[in-house]
Amino acid sequence: MLDIKLIRDQPDAVATALADKGGADLIHEILARDGERRRLIKEAEDLKALRNKASEAIGQAKRRGEDASAEQARMREVGDRIKALDADVKAVDDAIEALLAQVPNVPHPSVPRGKSDADNVEVRKWGTPRQFDFTPRPHEDVGEALGLLDMERATKIAKTRFAVLWGDLARLERALAQFMLDLHTREHGYTEAWIPHLVNAETMLRTGQLPKFEEQLFKTVEADEGRTLYLIPTSEVSLSALHSGEVLLERTLPRRYTAYSPCYRREAGTYGKDMKGIFRNHQFSKVELVKLATPASGYDELESMVREAETVLQRLELPYRVVERCAGDVGFSSAKGYDLEVWLPGQGKYREISSCSNYADFGGRRVDIRYKPESGGRPEFVHTLNGSGLAVGRTIVAILENYQNVDGTVTIPTALRPYLPGLERLTTRR
RNA sequence: GGAGAGGUGGCCGAGUCGGCCGAAGGCAGCCGCCUGCUAAGCGGUUACAGGGUCAAAAGCUCUGUCCAGGGUUCGAAUCCCUGCCUCUCCGCCA
């Protein structure tokens with residue numbers, strides 16, 4: 001969330017910055033509530049000061065054996081008034097917090113202007129899409145023809161938008177995860193973590209999933225009406241909340257964390273979109289990258305994170321392009337972000353396979369992670385960054401489509417061979 | 001799941017029958033002094049958040065914070081309730 005002081009000090013600048021992104025209209029209301037809040041606090045605190053003094057006097061009087069019942073009665077009324085004011089303050093606080101939670105992050109000045117994804121800017125392209133001497137098929141056809149992708153049985157035991165992978169395709173999923181984790185931990189300086197896949201509401205709030213995206217989450221309740229836990233929509237949630245409430249030493253930054261986990265998303269509101277195959281499922285796995293950085297290094301860390309995600313595609317020899325999101329399309333929490341779009345010959349399009357963002361101090365403030373500057377001084381909020389490195393399900397899609405052969409088999413990319421000993425191509429063999 | 005114990009400042013730890021407790025004492029840290037160096041010793045000092053004042057900062061002042069949220073009371077670290085977490089024993093379990 002934004003710093004209320006920023007809104008208080010330069011409301012017009014904030015509103016202007018949010019022009020493309022929305023939320024500018026909330027600024028005025030927050031300001032009004034903020035003024036009300038301070039007025040109430042002043043009144044309540046003045047009364048508390050009065051009561052504290054009186055209570056001390058009552059104590060002394062009693063020790064002298066004097067009667068203080070008149071003063072006590074007076075303070076009882078003051079106490080009631082304080083209680084009412086405190087309740088008002090709480091109500092205004094909650095209202096401000098709810099409003100503030102709806103205000104998106106302010107885009108970094110370098111972010112291109114624009115309203116929608118149509119205004120995004122292609123930054124660079126890598127690789128040349130392969131020329132096929134036959135018509136490349138979409139991944140679901142390739143997988144199902146081999147008998148390795150089974151949408152029908154998944155739908156039977158769960159529901160639509162779930163998948164079963166059989167045999168070597170299941171192995172491929174496992175190998176990809178291993179390959180990506182090894183790359184990021186051995187070559188990019190990330191620390192691997194194995195994290196909870198169910199988290200509490202607090203964590204979802206701190207990572208911005210709640211309240212805004214509740215309709216995208218799967219919610220669980222323990223059988224005997226225990227607490228509510230949510231299935232993570234990405235391991236970014238768990239990774240970036242690990243240090244919530246902590247103050248880190250500057251010299252331990254940046255922290256680079258990676259985790260492989262399943263991700264669960266309702267995909268509400270995507271009706272007919274990407275209904276076939278595993279491109280958009282309720283469950284998919286992903287290797288996630290998270291960084292906690294100082295404000296000074298946050299944007300450099302974003303650039304390197306994008307390169308780190310790109311390395312995965314380069315090693316797999318999958319053509320892609322990097323797109324910078326414009327102010328209107330950059331995510332709610334994001335100050336600046338890039339998408340990696342992989343070439344899918346079956347669709348004849350570049351499609352998103354990774355998204356890397358810097359949430360900046362907006363993310364650090366919300367999750368409450370600070371760092372103590374080396375130079376001394378007050379702790380400041382870290383920049384939080386996250387990116388996919390990569391979405392494993394979509395990587396499978398890309399491999400099935402880019403590496404498909406005319407006979408229906410799929411060649412295994414060279415970089416994965418060490419992880420799939422003896423396997424050179426996917427066939428009908430299970 | 002059953003039984004019990006407990007959650008106090010960066011750490012350890014004291015808080016009597018509720019008031020003078022933001023909280024003794026120790027350690028650690030910081031600043032001085034002293035001292036061939038180091039150690040020891042001496043003096044001082046060290047939380048966070050939010051209001052008010054101020055152009056702003058500093059300063060001053062007020063409020064809140066002894067796990068969290070309620071309650072009792074003129075007044076709660078101290079009493080009551082709920083939740084969360086930790087520890088011990090038993091049971092169950094991959």
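Only heavy atoms go into these numbers, but all of them, side chains included; no hydrogens, no water, no symmetry mates. Just so it is clear: chains get the letters A, B, ... in the order the sequence lines come, proteins before strands, and each one is counted from 1.
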Atom CD of Gln10(A) to atom P of A55(B): distance rounded to whole Å? 20 Å
Name the pairing partner of G1(B), where a pair is Watson-Crick or G-U wobble with both distances under 3.5 Å, or state none. C90(B)
As its Watson-Crick or G-U partner within any shown strand, both distances under 3.5 Å, U63(B) has A49(B)
Answer yes if the side chains of Ser297(A) and Asp300(A) hold a donor-acceptor pair under 3.5 Å, and no otherwise. no
P atom, U82(B) versus A3(B): distance in rounded Å? 14 Å
When the C1' atoms of U46(B) and G26(B) are compared, how many Å lie between them, rounded to an integer? 15 Å
Nearest-Å distance once atom P is located in both G19(B) and G4(B): 30 Å
Base, sugar-phosphate, or nothing for Ile41(A), non-hydrogen atoms under 4.0 angstrom? sugar-phosphate
Answer for the Watson-Crick or wobble partner of G75(B), both distances under 3.5 Å, is none
Side-chain donor-acceptor pair present, Ser285(A), Glu173(A), cut-off under 3.5 Å: yes
Give the rounded distance in Å between these two atoms: CZ of Arg38(A) and P of A49(B). 17 Å
Using atom P in both nucleotides, what's the gap between C62(B) and A23(B) to the nearest angstrom? 13 Å
Which part of the nucleic acid, if any, lies within contact of Ala49(A), taking any heavy atom under 4.0 Å across all strands shown: a base, the sugar-phosphate backbone alone, or nothing? sugar-phosphate
Interatomic distance where CE belongs to Met75(A) and C1' belongs to C74(B) [whole Å]: 7 Å
Is there a side-chain polar atom (N or O) of Arg370(A) under 4.0 Å from OP1 or OP2 of C48(B)? no
Counting side-chain heavy atoms from C-beta on, which of G52(B), C74(B), G64(B) comes nearest to Lys48(A)? G64(B)
Looking only at side chains, do Ser110(A) and Lys336(A) share a donor and an acceptor under 3.5 Å apart? yes
Could I get the full list of side-chain hydrogen bond (donor to acceptor under 3.5 Å, both in side chains) partners for Glu192(A), not counting sequence neighbours? none
Any donor-acceptor pair under 3.5 Å between the side chain of Glu56(A) and the base of G75(B)? no
Any chance the side chains of Thr234(A) and Lys286(A) put a donor and an acceptor closer than 3.5 Å? yes
Gap between atoms CG and P, on Asp3(A) and G50(B) respectively (whole Å): 9 Å
Roughly how far apart, to the nearest Å, are C81(B) and A94(B) at atom P? 38 Å
Can you find a side chain N or O atom of Asn52(A) that sits less than 4.0 Å from OP1 or OP2 on G75(B)? no
Could you work out the separation of A76(B) and G13(B) based on their P atoms and round it to a whole Å? 28 Å
How many whole angstroms separate atom CD1 of Ile4(A) from atom P of A49(B)? 17 Å
Any strand counts, and the cut-off is 3.5 Å on both contacts for Watson-Crick or G-U wobble. Which nucleotide pairs with A68(B)? U82(B)
Over all strands shown, is Arg8(A) touching base, sugar-phosphate only, or nothing at heavy-atom distances under 4.0 angstrom? sugar-phosphate
ring-ring contact (aromatic ring centres under 6.0 Å, His included), that's the test. Do Phe362(A) and His383(A) meet it? Break it down for me. CA-CA 8 Å; Phe362(A) 182 97; His383(A) 277 204; over 10 Å; no
Report the residue (Ala54(A) or Lys5(A)) whose heavy-atom-nearest nucleotide on RNA chain B is the more 5′ of the two. Lys5(A)
When the distance from CG of Asn200(A) to C1' of A68(B) is rounded to whole Å, what number comes out? 14 Å
For G41(B), give its Watson-Crick or G-U wobble partner with both distances under 3.5 Å, or none. C33(B)
Paired to C54(B) by Watson-Crick or G-U wobble criteria (both distances under 3.5 Å) is none
Consider only side-chain N and O atoms of Arg255(A) and Thr191(A), and report whether a donor and an acceptor are under 3.5 Å apart. no
Nearest-Å distance once atom P is located in both G75(B) and G18(B): 15 Å
Using a cut-off of strictly less than 4.0 Å, decide whether Arg63(A) has a side-chain nitrogen or oxygen near OP1 or OP2 of G19(B). no
With RNA chain B as reference, determine whether Asp46(A) or Glu71(A) sits nearer its 5' end, using the nearest nucleotide of each. Asp46(A)
Distance test, side-chain N/O of Lys83(A) to OP1/OP2 of U72(B), below 4.0 Å: yes
At 4.0 Å (heavy atoms only), tell me whether Arg37(A) reaches a base, stays on the sugar-phosphate, or touches nothing. sugar-phosphate
Is it true that the NZ or CZ of Arg394(A) lies under 6.0 Å from the centre of Phe279(A)'s six-membered ring and within 45 degrees of the ring axis? yes
When the C1' atoms of U8(B) and C67(B) are considered, how many whole Å apart are they? 10 Å
Rounded off to whole Å, could you give me the CG-to-P distance for the Asp9(A) and A57(B) pair? 9 Å
Under 4.0 Å: is that the gap between some side-chain N or O of Arg76(A) and OP1 or OP2 of C74(B)? yes
Report the distance from atom CD of Glu77(A) to atom P of U73(B), rounded to the nearest whole Å. 14 Å
